[in-house]
Amino acid sequence: MNLAKRKSVAEDRVFNIVIYTIAAVLIIIVLYPLIFVLSASFSDPNQIINGGLWLLPKGFTLDAYTKVFHDADIWNSYKNTVLYTTVGTIINIILTTLIAYPLSRRDLPGRNLFMIIITFTMFFQGGIIPTYLIVQNLGMVNTFWAMVIPNAIATYNVIVMRTFFQTSIPWELQEAAQIDGCTNFKLFLKVILPLSKPIIAVMVLFYAVGHWNSFFDALIYLQDDTLYPLQLVLREILIQNQAAYLDELGSFGMADQALLAESMKYAIIIIASLPVLILYPFIQRHFVKGVMIGSIKG
Amino acid sequence: MGLRTERAQKGAKKIAPAIKPKKRLWKQIIKRYDLYLMLILPLAWYIIFQYGPMYGLQIAFKDYLPLNGFWGSRWVGFEYFHRFFSSYYFWRLIKNTVLIKLISLIFAFPIPILLALLVNEIKNNRYKKFLQNVTYIPHFISVVVIVGMLNLFLDPESGLINIILEHIGIHPVAFMEKASWFKPLFISSNIWTNMGWQSIIYIAALSGIDPQLYEAARVDGASRLRRIWHISIPGILPTIIILLILDIGHFMDIGFEKILLMQNDLNMASSDVIATFNYRTGILNGEYSYTTAIGLFDAIINFALLILINQIARKKTSTSLW
């Protein structure tokens with residue numbers, strides 16, 4: 001018996017060592033590229049290209065950031081993204097709440113029909129081209145509206161929010177308010193919304209991060225580059241290697257230009273991801289909550 | 001007898017609100033008119049931006065001319081479908097789409113499950129939280145930045161990976177321009193991005209398992225691996241099945257935005273999929289009817305697969321979407 005116990009303790013220890021090691025490897029795999037990008041953005045580009053950089057910045061410099069901050073295209077697109085994200089998220093929240101609440105009411109005749117209508121769209125869609133043609137017919141192509149209207153509701157989020165209303169707000173409370181002569185709309189404004197701050201926070205985060213990171217709608221709907229969001233400009237710089245912004249580096253020699261362009265890429269990545277990553281520690285808890293609520297119904 | 005009818009009447013009265021005769025229903029609807037008013041705007045959006053495109057799918061069978069609109073264009077039957085099926089690109093597109101999905105199902109789908117099981121076994125709470133928080137981060141990075149990072153790291157001259165390869169005496173490889181490297185890179189970077197985020201649901205499911213089960217198994221002398229095998233995995237099996245159904249239901253939906261970003265003339269042979277072909281031919285070249293037909297073909301296969309897999313799951317495991 002004693003021997004068996006000792007054996008199981010030893011087994012447990014080996015098991016723990018294996019598990020903690022795998023976890024450590026995973027953490028390194030995820031973090032290393034991110035730290036490298038951060039360090040590279042502060043480093044002398046010569047060091048990056050020659051492999052002198054491994055973890056911490058080598059030849060610390062802020063050149064890349066200075067250059068990025070002086071680029072008019074990048075700033076303009078940054079402004080656009082902030083605008084699309086703010087307005088788009090407000091529209092998202094209003095529409096999502098307006099549909100999620102009535103559909104959460106168990107006493108609403110016809111709500112199952114409405115639910116079928118909206119959930120069907122999760123599994124079958126008209127596709128890119130017909131959607132594009134609708135947006136085009138509405139005259140939204142190449143306008144601000146194309147960035148905030150066609151994606152105004154995400155059905156998954158409607159379902160998450162509806163589940164929250166159904167499970168987190170006591171039905172008795174709503175019944176009591178109605179008996180007191182409260183109209184449904186007043187009930188919604190005065191009772192439901194104040195109780196829904198946590199889910200609204202989750203929705204703001206889901207939608208806002210979506211807007212901030214999206215590029216495809218902009219790619220198909222926008223032609224005018226003064227309307228471009230940040231992600232499209234990033235695509236040109238990082239992926240298509242379009243060096244329009246290099247012209248502004250006139251004071252440097254050719255070789256230096258190419259070099260600086262390299263470290264600018266790292267700086268741009270940091271600047272583009274920073275708002276989300278700075279907020280990350282505060283918001284990840286909420287995001288996780290959102291996924292959990294969604295999975296209850298799942 | 002009399003008593004019985006009285007009782008029956010009483011019963012009927014009780015059931016009455018549930019049955020809702022017509023007049024009652026109207027009353028109920030009118031009483032909640034403001035709830036319906038709230039629905040107007042969002043439902044209008046669904047009709048225009050979700051059902052509008054579905055109505056527009058008819059141009060798959062028509063020669064769409066913008067002047068004539070969806071309805072007024074001339075019918076051509078299955079012409080575009082025939083054209084697609086006999087197209088030079090047809091098999092290449094199908095092969096790439098199906099292969100990317102299958103490889104993802106085999107390699108990427110199980111990773112979040114394994115990660116969740118790993119997280120569940122870590123007893124040190126701070127380490128556990130740290131692991132979780134770190135693995136969630138990439139989910140918040142945009143696709144453009146992720147593909148941008150791939151480009152930077154894999155650059156044949158200045159990329160970190162090739163610098164390392166050179167150090168150990170291997171010739172640099174232009175990974176992003178090699179067709180053979182496209183699928184491994186696409187899928188492994190997907191795993192890097194999504195494993196943490198997708199593990200959340202499994203972790204939640206694992207936390208719902210009764211701790212007494214583990215305790216009982218421990219007393220019976222089951223090793224930790226055995227406990228994972230006999231308690232943890234069966235405990236989250238319904239969740240796994242639901243997510244598998246959803247994944248297969250979006251069979252053709254393989255992260256096309258990222259493929260588009262990773263695609264270039266040199267890796268086309270293994271990166272061109274139905275959705276990217278559609279984007280090029282439809283949006284860039286304006287062949288609206290042809291690409292709508294291809295999109296419809298794609299959507300129907302997805303939908304059929306979803307129904308099929310859901311049916312199978314319901315029969316075999318009693319877990320299903322509906």
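Chain letters run A, B, ... following the sequence lines, proteins first and then strands; every chain starts at 1. Excluded from the calculations below are hydrogen atoms, water molecules and symmetry mates; all remaining heavy atoms, backbone and side chain alike, are included.
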Checking A/Thr155 against chain B: side chain, backbone, both or neither under 4.5 Å from a heavy atom? both
Looking only at side chains, do B/Thr193 and B/Lys258 share a donor and an acceptor under 3.5 Å apart? no
Taking side chain as everything from C-beta outward and backbone as N, CA, C, O, which of these in B/Asn278 sits under 4.5 Å from a heavy atom of chain A? Side chain, backbone, both or neither. backbone
Chain A contact via B/Leu225 - which portion, at a heavy-atom distance below 4.5 Å: both
Assert top hit (heavy-atom pairs under 4.5 Å, partner chain A, pool B/Tyr33, B/Phe70, B/Tyr36) equals B/Tyr36
Nearest non-hydrogen partners of B/Met195 and B/Thr135, listed with the distance: CE-CG2, 4.2 Å
Using non-hydrogen atoms only, which part of B/Leu35 is less than 4.5 Å away from chain A: side chain, backbone, both, or neither? both
Pair count under 4.5 Å, heavy atoms only, with chain B: among A/Ile29, A/Leu232, A/Val209, highest is A/Ile29
For residues 94-103 of chain A, give me every residue with a non-hydrogen atom less than 4.5 Å from any non-hydrogen atom of chain B. A/Leu95, A/Leu98, A/Ile99, A/Tyr101, A/Pro102, A/Leu103
What part of B/Ile137 gets within 4.5 angstrom of chain A, counting heavy atoms only: side chain, backbone, both, or neither? both
Of the listed A/Asp107, A/Leu34, A/Asn151, the one with the largest count of heavy-atom pairs under 4.5 Å with chain B is A/Asp107
Given that the side chain runs from C-beta out, which part of B/Leu261 has a heavy atom under 4.5 Å from chain A: side chain, backbone, both or neither? both
Quick check on B/Leu296 against chain A: is it the side chain, the backbone, both or neither that has a heavy atom closer than 4.5 Å? side chain
Answer key: most heavy-atom pairs under 4.5 Å with chain B among A/Val135, A/Leu219, A/Val158 is A/Leu219
Look at A/Ile128, A/Leu138, A/Ile220, A/Ile118 and state which one has the largest set of heavy-atom pairs under 4.5 Å with chain B. A/Ile118
Relative to chain B, which segment of A/Glu11 carries a heavy atom at a distance below 4.5 Å: side chain, backbone, both, or neither? side chain
Proximal component of A/Leu187, with respect to chain B [non-hydrogen, under 4.5 Å]: neither
Proximity breakdown for B/Asn124 and chain A, heavy-atom pairs closer than 4.5 Å: both
Take the angle between the ring planes of A/Phe120 and B/Phe303 and call it parallel below 30°, perpendicular above 60°, tilted in between. perpendicular
Side chain / backbone / both / neither for B/Lys128 at chain A, heavy atoms under 4.5 Å: neither
May I ask you to check whether A/Asn16 and B/Glu121 show a side-chain donor-acceptor distance below 3.5 Å? no
Residue part contacting chain B, namely of A/Thr183, when any heavy atom lies under 4.5 Å: both
Engaged part of B/Tyr127 at the chain A interface, taking heavy atoms whose separation is under 4.5 Å: side chain
Heavy-atom contact with chain A under 4.5 Å, split by part of B/Ile59: side chain
Atom group of A/Ala40 that falls short of 4.5 Å from chain B, counting heavy atoms: neither
Under 4.5 Å to a heavy atom of chain B? For A/Phe185 that would be both
